[in-house]
J.: 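Take a look at the following structure, please.
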2 protein chains.
Amino acid sequence: MTSTAVRLRAVADDDLVSADVQHLGISGHLERLKDYAVRLRFHRGDTIAAAGDAAAHIYAVSAGCLRLTHHGNDGRRHIADFLFGGDLWGLGDADNFALSAEAVSPTTITAYPRQQFDRLGEGNNRLRSEIFAHLSASIQRAHRHLYLLSCLSARERVATFLTRMMQKSQLVYGARLDLPMGRQDIADHLGLTVETVCRALAALKAESVIEVPNAHLVVVRDGSALSAVAGEPSLS
Amino acid sequence: MTSTAVRLRAVADDDLVSADVQHLGISGHLERLKDYAVRLRFHRGDTIAAAGDAAAHIYAVSAGCLRLTHHGNDGRRHIADFLFGGDLWGLGDADNFALSAEAVSPTTITAYPRQQFDRLGEGNNRLRSEIFAHLSASIQRAHRHLYLLSCLSARERVATFLTRMMQKSQLVYGARLDLPMGRQDIADHLGLTVETVCRALAALKAESVIEVPNAHLVVVRDGSALSAVAGEPSLS
DNA sequence: CGGACGCTTGATAAAGTTCAAAGAGAGTGG
DNA sequence: CCACTCTCTTTGAACTTTATCAAGCGTCCG
């Protein structure tokens with residue numbers, strides 16, 4: 001207990017060590033808590049934490065893919081977002097998690113105690129502003145997705161999804177895009193049915209915009225055509 | 001300039017005056033900046049600030065109703081949220097506004113300089129945690145709306161909209177719910193067309209769940225039936 | 001290798017959109 | 001103060017998109 005307090009005081013005086021840390025963002029700060037960190041492994045389909053659970057930890061995805069889901073009373077499901085290596089979860093959940101996190105593929109996660117993290121932030125302006133930026137970015141992502149769900153057609157949604165996955169995931173090699181999630185996950189993310197997602201992909205394939213060697217791999221053959229369908233001429 | 005610095009230092013030492021302020025949340029803290037505040041009036045349809053504008057101010061709605069809109073490249077529009085008296089806008093927009101804010105009805109707004117506000121926050125833990133809570137709440141609101149757009153039918157969306165407006169706006173007197181926004185606004189908020197919104201309202205009216213004396217007034221005749229349609233048996 | 005699960009495609013049905021036109025309300029100018 | 005007009009709302013009918021239902025296929029895992 002004493003050693004914890006000492007450690008935190010030492011860690012919290014900011015701006016001395018931050019030069020080597022700032023470009024890493026929040027992850028860099030979390031690095032300072034590595035002695036408290038717990039490394040976890042999950043299999044496909046495992047639940048990391050469910051909506052309503054006490055948010056005792058901040059999670060950093062090391063490798064793999066997570067889905068953040070919201071379950072309705074009657075079984076309907078929405079996937080708010082997918083997380084990949086480097087992404088964080090739980091920053092905005094002060095008390096209880098608002099969403100459930102489930103492993104889409106075998107996933108390695110590092111859990112940092114929230115209490116320690118919060119204390120770290122108390123003495124660290126840079127960290128706090130990075131947390132603020134992270135939350136702002138989450139809001140903006142959510143708003144972009146609101147627009148997608150509110151205004152775009154099935155075809156546009158699927159195309160937009162592909163472009164966003166290319167921007168976001170590190171699973172792009174050239175034009176090869178790895179999609180660890182299943183069609184049902186994509187459908188629940190885009191507010192469509194599995195069948196409609198399949199048909200939209202099939203249509204893009206028929207137009208030679210993409211190739212689909214297998215269900216978890218898309219090769220983008222005509223990126224600008226894809227962007228055009230997505231309605232995002234320049235990445236915003 | 002000097003007086004500004006002095007004032008801010010005096011104001012920033014927190015926890016002395018905060019007892020009478022905490023229950024008011026962020027608005028209470030903004031009150032301390034009243035000497036820098038500007039009061040603005042807008043007519044129906046006026047733009048308070050457009051997406052992309054420099055976010056130089058935090059806005060507090062005093063009276064009236066705003067819509068926060070996202071405009072696509074091709075004219076499609078989504079309304080992310082409606083704001084009423086007591087609501088704030090701009091807290092999450094560090095640099096430029098992500099959305100446009102437009103007056104739905106004649107509206108009075110107080111603008112506080114962001115720079116002063118940020119400085120206020122630097123020395124005030126309570127304010128910062130309230131800002132954090134505000135951003136978290138924004139994210140949760142957005143996620144609930146994502147679920148609405150992704151999973152609910154037109155009928156359910158309209159019912160949910162009505163229940164949320166009853167919870168949110170102060171424009172509820174008994175079962176009378178004032179809807180300052182037009183049908184097109186509601187449609188753009190719910191990802192539907194005007195006609196579909198009208199038909200859903202007409203259906204609820206035909207089932208005696210609501211009455212619609214005029215386009216901007218809904219009387220909820222059977223609140224539990226409305227909640228049932230909304231799929232929110234208990235308010236979550 | 002077998003079986004189960006997820007993916008894909010087809011046919012049909014339903015929900016919502018689009019197009020069209022009439023009706024109601026609010027604000028304006030005579 | 002009334003009539004007019006413009007805009008918004010409402011309802012109807014046809015059409016489009018997407019969901020639903022159903023069946024076959026492929027693949028991955030055990």
Side-chain angles (χ1 to χ4, degrees), chain A residues 43-46 65 67 74-79 102-106 148-162 178-206 210-218 229, chain B residues 43-45 65 67 74-79 102 104-106 148-162 178-206 210-218 229:
Chain A
H43 301 97
R44 212 169 69 96
D46 288 351
C65 176
R67 58 176 177 246
D74 53 354
R76 282 178 284 193
R77 182 182 74 151
H78 174 65
I79 295 181
E102 299 158 3
V104 162
S105 58
L148 177 148
L149 292 173
S150 183
C151 297
L152 301 192
S153 69
R155 177 187 170 75
E156 291 169 325
R157 292 183 201 192
V158 170
T160 302
F161 172 72
L162 291 176
D178 188 20
L179 297 176
M181 70 292 293
R183 295 288 185 268
Q184 184 66 61
D185 288 340
I186 297 174
D188 289 347
H189 183 50
L190 300 180
L192 302 169
T193 60
V194 194
E195 294 92 333
T196 302
V197 172
C198 279
R199 278 187 254 269
L201 286 171
L204 291 172
K205 193 167 101 181
I210 60 172
E211 284 172 30
V212 188
N214 69 66
H216 293 284
L217 182 61
V218 168
V229 174
Chain B
H43 301 98
R44 213 168 69 94
C65 175
R67 58 177 178 245
D74 53 355
R76 284 179 283 195
R77 181 182 77 152
H78 174 64
I79 295 181
E102 299 158 2
V104 163
S105 56
L148 178 148
L149 293 174
S150 182
C151 296
L152 301 192
S153 68
R155 178 186 168 74
E156 292 168 324
R157 292 182 202 191
V158 170
T160 302
F161 172 71
L162 292 176
D178 189 21
L179 298 178
M181 71 291 294
R183 294 289 184 268
Q184 184 66 61
D185 287 340
I186 297 174
D188 289 347
H189 183 50
L190 300 180
L192 301 170
T193 59
V194 193
E195 294 92 333
T196 302
V197 171
C198 279
R199 279 186 253 269
L201 287 170
L204 291 172
K205 194 167 102 181
I210 60 172
E211 285 171 29
V212 188
N214 67 66
H216 292 285
L217 181 61
V218 168
V229 175

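Order of the sequence lines fixes the chain letters, A, B, ..., with proteins taken first and strands second; residue numbering starts at 1 for each chain. From a predicted model like this one, the values you see are computed outputs, not experimental measurements.
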J.: What is the distance from CZ of A:Arg76 to C1' of D:dA19, rounded to the nearest Å?
T.: 13 Å
J.: D:dC8 C1' sits how many Å from B:Leu179 CG, rounded?
T.: 14 Å
J.: For atom CZ of B:Arg44, is the number of surrounding heavy atoms from other residues, nucleotides or ligands below 6.0 Å larger than 12?
T.: no
J.: Considering only heavy atoms from C-beta outward, does the side chain of A:Thr196 approach that of A:Leu190 to under 4.5 Å?
T.: no
J.: What I'd like to find out is whether the side chain of B:Glu156 reaches to under 4.5 Å of the side chain of B:Leu148, using heavy atoms alone.
T.: no
J.: In chain order, what residues pass the side chain to side chain contact (heavy atoms under 4.5 Å, CB included) check against B:Ala202, with sequence neighbours excluded?
T.: none
J.: What are the two closest heavy atoms between A:Ala154 and A:Ala200, and how far apart are they?
T.: O-CB, 4.4 Å
J.: Dot-bracket, DNA chain D: Watson-Crick or G-U, under 3.5 angstrom, [ ] crossing, | other strand?
T.: ||||||||||||||||||||||||||||||
J.: Let me know the distance between CD of A:Glu156 and C1' of D:dT18, rounded to the nearest Å.
T.: 14 Å
J.: Using atom names, set out every protein N or O paired with an N or O of nucleotides 28-30 of chain D below 3.5 Å, distance rounded to 0.1 Å.
T.:
none

J.: Checking A:Glu195 now: which residues fulfil side chain to side chain contact (heavy atoms under 4.5 Å, CB included) with it, not counting sequence neighbours?
T.: A:Thr193, A:Arg199
J.: Can you give me the closest heavy-atom contact between A:Val158 and A:Val197, atom names plus distance?
T.: CG2-CA, 4.4 Å
J.: Whole angstrom is fine here: how far is it from CD in A:Gln184 over to C1' in C:dT8?
T.: 14 Å
J.: Please lay out, stage by stage, how A:Leu179 and A:Leu162 fare under the test side chain to side chain contact (heavy atoms under 4.5 Å, CB included).
T.: CA-CA 9 Å; A:Leu179 297 176; A:Leu162 291 176; 4.2 Å; yes
J.: Can you tell me how far P of C:dA24 sits from CG of B:Leu217, to the nearest Å?
T.: 18 Å
J.: Could you state the atom-to-atom distance from CE of B:Met181 to P of D:dC8 in whole Å?
T.: 15 Å
J.: State, with a plain yes or no, whether a side-chain heavy atom of A:Leu149 is found less than 4.5 Å away from one of A:His78.
T.: yes
J.: Collect all protein-nucleotide pairs involving nucleotides 15-19 of chain C in which both atoms are nitrogen or oxygen and the distance is under 3.5 Å.
T.:
unit_1, atom_1, unit_2, atom_2, d
C:dG16, OP1, B:Ala154, N, 2.7
C:dT17, OP2, B:Thr193, N, 3.3
C:dT17, OP2, B:Thr193, OG1, 3.1
C:dT17, OP2, B:Thr196, OG1, 2.3
C:dT18, O4, B:Arg199, NH2, 2.9
C:dC19, N4, B:Glu195, OE2, 3.0

J.: Can you tell me the distance, in whole Å, between the CG atom of B:Asp185 and the P atom of D:dT7?
T.: 16 Å
J.: How close or far is atom P of D:dT9 from atom NZ of B:Lys205, stated in whole angstroms?
T.: 14 Å
J.: Given B:Arg155 and B:Leu204, is the side chain to side chain contact (heavy atoms under 4.5 Å, CB included) satisfied, shown in steps?
T.: CA-CA 8 Å; B:Arg155 178 186 168 74; B:Leu204 291 172; 4.1 Å; yes
J.: Can you give the donor-acceptor pairs under 3.5 Å from side chains of residues 182-189 of chain B to other protein atoms, not counting sequence neighbours?
T.:
unit_1, atom_1, unit_2, atom_2, d
B:Arg183, NH1, B:Ala215, O, 2.7
B:Arg183, NH2, B:Ala215, O, 3.1
B:Gln184, NE2, B:Asp188, OD1, 3.1
B:Asp185, OD1, B:Arg67, NH1, 3.3
B:Asp185, OD1, B:Arg77, NH2, 2.8
B:Asp185, OD2, B:Arg67, NH1, 3.0
B:Asp188, OD2, B:Arg77, NE, 2.7
B:Asp188, OD2, B:Arg77, NH2, 2.7
B:His189, ND1, B:Ile79, O, 2.7

